[in-house]
Amino acid sequence: MNLFADIRTLVTDCLTAMAAEGQLPARLDFANVAVEPPRDAAHGDMATNAAMVLAKPAGVKPRDIANALAPRLAADPRVAEATVAGPGFINLRLAPAVWQGVVATALEFGTDYGRAMAGAGRRVNVEYVSANPTGPLHVGHTRGAVFGDALARLLAFAGWDVTKEYYINDGGAQVEVLARSAYLRYREANGEAVEIPAGLYPGDYLVEVGKALAAEFGDSLMDQPEESWLPDVRDFAIERMMAMIRDDLAALGVTMDVFFSERSLYGTGQIEATLAALEEKDLVYVGELEPPKGKLPEDWEPRPQTLFRSTAYGDDTDRPVRKADGSWTYFAPDIAYHRDKIERGFDLLIDVWGADHGGYVKRMKAAVAALSDNRVELDVKLCQLVKLFKAGEPYKMSKRAGTFVTLRDVVDEVGADVTRFVMLTRKNDAPLDFDFAKALEQSRDNPVWYVQYANARTHSVFRAAEEKGAGVAEESLKGADLTLLGHPAELALLRKIAEWPRLVETAAQHHEPHRIAFYLYDLASEFHALWNRGQDEPGLRIVQPEDPAASRARLAMALAVRVVISAGLGILGVTPASEMK
RNA sequence: GACCCCGUAGCUCAGCAGGAUAGAGCGGUCGCCUCCUAAGCGACAGGUCACAGGUUCGAAUCCUGUCGGGGUCGCCA
């Protein structure tokens with residue numbers, strides 16, 4: 001399905017034949033042989049570096065290899081022309097039939113066109129969002145949610161068996177703060193005037209939790225000591241918060257396969273067992289840390305503590321797993337959690353975190369490497385900050401939380417589809433400016449709109465054909481005579497469509513869903529460009545009432561565009577539009 | 001002080017596994033928009049890829065160092 005892979009196979013087959021005939025040494029390693037689109041389209045459709053990368057190991061001049069290889073490539077019916085250029089590139093021009101065949105492939109496979117097997121059914125766990133259950137998700141979480149979800153969908157499309165997972169940080173001190181905050185709202189619901197002191201969560205979202213507590217417990221918790229009500233209130237509030245978070249995620253189109261509670265690790269011995277396993281490898285010990293150089297924390301005093309020897313796996317310093325009071329640090333249960341993931345048999349772990357957790361990456365990787373004996377890879381994707389704007393002005397409104405803009409605020413303002421697409425118009429590790437006004441703008445510089453518009457046109461063109469008496473059933477287009485797609489502008493579009501399978505593979509390999517968004521914009525541009533040319537050159541229009549065969553071929557092409565845009569938007573989790581409103 | 005991310009056109013950013021003359025949108029300049037397929041179209045200009053070394057046939061891309069911006073740095077999660 002991936003034309004570039006097909007042609008690369010042709011290249012290596014020819015090289016193998018050359019070796020068999022003594023033109024090249026046997027046993028050459030072809031790993032570095034690449035077949036790629038040339039940077040400059042004028043050079044041809046594809047280029048291979050084979051002659052240059054093999055020159056040294058073969059002990060043959062690059063041009064000599066190229067001159068021998070090129071005619072062999074040209075002998076293949078798919079190759080129209082193979083020329084040697086520059087230091088030893090071989091530029092290939094493919095027969096139009098190859099590009100035309102891409103349309104047939106796209107129609108045959110539908111939105112499965114481009115689906116890859118690179119994952120080969122291996123199991124990957126993508127952990128994302130994982131916000132504390134202490135309040136509504138904010139904009140930063142939104143980016144992580146969209147990124148993680150799109151990455152999960154991308155990997156699934158690329159042949160991985162994906163589990164989407166949320167780690168609930170319900171084991172630390174924050175959920176006790178949550179409990180105290182909710183308890184105050186409970187007292188409020190029971191008619192008491194309360195003031196939320198600094199250090200507790202002031203957001204209005206807890207008011208309804210307080211009322212719910214009052215409905216559940218009546219006044220039985222009033223004037224009781226904290227020990228007696230805290231566990232119940234805490235559990236109640238966490239459940240409420242998680243229900244809210246699930247709703248918020250659902251509004252964004254994000255659903256998880258697994259919610260994993262940190263608290264569920266406590267009291268089961270799993271944390272202890274994990275540390276014991278590490279201790280057996282001499283990776284846990286009691287020692288004293290050097291104070292950090294430069295800025296010395298004011299209250300620093302040296303003391304012995306239980307440490308994980310993460311330096312054995314590339315970290316800068318060993319990391320504590322117990323606090324001064326003997327309780328676990330955040331790290332300890334998190335190690336146990338990752339061990340659980342390893343034991344569930346995943347081949348690859350991906351964590352999506354905010355950039356402010358960057359300092360945590362090395363120790364977690366060290367832990368996963370140690371626990372899996374380097375068998376399981378952990379890739380941590382950091383998402384940078386989102387800055388909000390409205391028509392260029394900084395935007396800090398919050399309807400619900402009082403102090404920060406929530407996920408729900410964003411989705412209410414522009415919708416889930418727009419939110420998702422815009423969040424993916426930047427690489428995850430680049431800061432993102434999100435402008436509410438621009439996101440809804442109907443113009444070329446709004447990629448969401450531009451891509452949706454292209455997709456809408458692939459629908460409207462069928463309606464237009466109908467009106468002109470040139471209507472066809474979409475299903476019948478598989479029989480269209482695609483050799484009629486020969487105009488350079490059409491071939492340019494077909495080449496773009498042909499890139500799709502390759503793009504899916506590289507985006508999945510790099511764990512970078514934003515590449516899908518950029519590709520879709522490019523594809524849309526190519527389609528719009530062809531469409532616009534039809535304004536001036538009626539002969540290029542898709543619907544040709546006087547020429548049913550040409551109409552059919554071009555409608556098939558439009559359908560192929562739709563197939564790819566739909567598949568791409570599907571990976572991003574965006575609903576394709578069939579018309580613009 | 002250390003570690004991580006970033007530094008590409010006036011602005012916002014892409015750049016695929018190291019490939020040939022580094023791309024897009026905006027902004028700028030110039031044209032078109034009586035025909036037609038929905039909210040415009042097209043062309044041009046604009047770059048020491050932060051800087052200096054190194055590896056390589058070849059570096060924006062890999063390595064080292066410097067500078068600049070951001071993030072983080074035991075008992076927060």
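Just so we're on the same page: letters track the sequence lines, and every chain starts at 1.
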Taking only side-chain nitrogens and oxygens of K323(A), does any of them come within less than 4.0 Å of OP1 or OP2 of A77(B)? yes

Pair V146(A)-F421(A), side-chain contact (heavy atoms from CB on, under 4.5 Å): steps then yes or no: CA-CA 9 Å; V146(A) 170; F421(A) 197 105; over 6 Å; no

Parallel, tilted or perpendicular: which one describes the rings of H514(A) and F518(A), with boundaries at 30° and 60°? perpendicular

In whole Å, measure the gap between the P atoms of G7(B) and C16(B) for me. 12 Å

Roughly how far apart, to the nearest Å, are C33(B) and C49(B) at atom C1'? 38 Å

Please determine if D547(A) and R552(A) form a salt bridge, counting it only when a charged side-chain N lies under 4.0 Å from a carboxylate O. no

Is any side-chain N of the basic residue among E499(A) and K496(A) closer than 4.0 Å to the acidic one's carboxylate O? yes

How would you label the contact of A131(A) with the nucleic acid (heavy atoms, under 4.0 Å): base, sugar-phosphate, or nothing? nothing

Please state how far atom CG in L178(A) lies from atom P in A77(B), giving the value in whole angstrom units. 14 Å

Between R457(A) and E579(A), is the closest basic N to carboxylate O distance under 4.0 Å? no

Under 4.5 Å between any side-chain heavy atoms of K387(A) and L432(A), yes or no? no

Under 4.0 Å, counting only non-hydrogen atoms across every strand here, what does A507(A) touch: a base, just sugar-phosphate, or nothing? nothing

Any ion pair linking E526(A) and R495(A) (charged N to carboxylate O, less than 4.0 Å)? no

Among the nucleotides C5(B), C57(B), C41(B), which one has an atom lying closest to any side-chain atom of M52(A)? C57(B)

Fill in the dot-bracket string of RNA chain B, one character per base: . for unpaired, | for a pair to another strand, ( ) or [ ] for pairs within the strand, taking Watson-Crick or G-U pairs under 3.5 Å. (((((((..((((.....[...)))).(((((.......))))).....(((((..]....))))))))))))....

Rounded distance (Å) that lies between atom C1' of G40(B) and atom CG of D536(A): 11 Å

Side chain of Y330(A) only, please: which of A77(B), G42(B), G19(B) is the nearest? A77(B)

Starting from the C-alpha separation in whole Å, work towards a yes-or-no answer on ring-ring contact (aromatic ring centres under 6.0 Å, His included) for F434(A) and F436(A). CA-CA 6 Å; F434(A) 190 112; F436(A) 287 99; 5.3 Å; yes

What nucleotide among G74(B), A20(B), C76(B) has an atom nearest to a side-chain atom of Q174(A)? C76(B)

Report which part of the nucleic acid P447(A) touches: base, sugar-phosphate, or nothing (heavy-atom distance under 4.0 Å, all strands). nothing

Starting the side chain at C-beta, find the nucleotide from A77(B), A38(B), C3(B) nearest to D316(A). C3(B)

Separation of D435(A) atom CG from C26(B) atom P, in whole Å? 16 Å

What distance, rounded to whole Å, do you find between the two P atoms, one in G28(B) and one in C73(B)? 44 Å

Distance, C1' atom - from U56(B) to U64(B), rounded to whole angstrom: 16 Å

Under 5.5 Å between ring centres and under 30° between planes: does that hold for Y521(A) against the base of A24(B)? no

When rounded to the nearest Å, what value does the distance between P atoms of G10(B) and C4(B) take? 31 Å

With the side chain of V53(A) defined as its heavy atoms from C-beta on, choose the nearest nucleotide among G19(B), G25(B), A38(B). G19(B)

Over 60° means perpendicular and under 30° means parallel, so tell me whether Y337(A) and Y167(A) are parallel, tilted or perpendicular. parallel

Please measure how far the C1' atom in U61(B) lies from the corresponding atom in A20(B), and state the result in whole Å. 15 Å

Name the nucleic acid region contacted by K381(A), choosing base, sugar-phosphate or nothing; use a 4.0 angstrom heavy-atom cut-off, strictly under. nothing

Given U72(B), C13(B), C57(B), the nucleotide with the shortest approach to the side chain of K56(A): C57(B)

Rounded to the nearest Å, what distance is computed from the CG atom of residue D351(A) to the P atom of nucleotide A77(B)? 17 Å

Give me the distances for all protein-to-nucleotides 15-18 of chain B N/O pairs that come in under 3.5 Å?
| unit_1 | atom_1 | unit_2 | atom_2 | d |
| --- | --- | --- | --- | --- |
| G15(B) | OP1 | H514(A) | NE2 | 3.2 |
| G15(B) | OP2 | K427(A) | NZ | 3.4 |
| C16(B) | O4' | R515(A) | NH1 | 3.4 |
| C16(B) | O3' | H510(A) | NE2 | 3.4 |
| C16(B) | O2 | R502(A) | NH1 | 2.9 |
| A17(B) | OP1 | H510(A) | NE2 | 2.1 |
| A17(B) | OP2 | H510(A) | ND1 | 3.4 |
| A17(B) | OP2 | H510(A) | NE2 | 2.3 |

Between the side chains of R515(A) and E512(A), is the shortest nitrogen-to-carboxylate-oxygen separation below 4.0 Å, so that they form an ion pair? yes

Could you please name the option among A20(B), A38(B), C13(B) that lies closest to any side-chain atom of A456(A)? A38(B)

To the side chain of W449(A), which of A38(B), G40(B), C13(B) is closest? G40(B)

Check the distance between G74(B)'s P and D315(A)'s CG and give it to me in whole angstrom. 12 Å

Which nucleotide, C3(B), G19(B), A14(B), lies nearest any side-chain atom of K362(A)? C3(B)

Any base atoms under 4.0 Å from R457(A), or only sugar-phosphate, or nothing? Heavy atoms, all strands. sugar-phosphate

Could you measure between the two C1' atoms, the one in G74(B) and the one in G53(B), and give it in whole Å? 39 Å

Smallest separation among heavy atoms of P320(A) and Q305(A), with atom names: CB-OE1, 3.7 Å

Considering only heavy side-chain atoms of D429(A), the closest of C5(B), U72(B), G40(B) is C5(B)

Say we look at A50(B) and C5(B): how far apart would their C1' atoms be, to the nearest angstrom? 16 Å

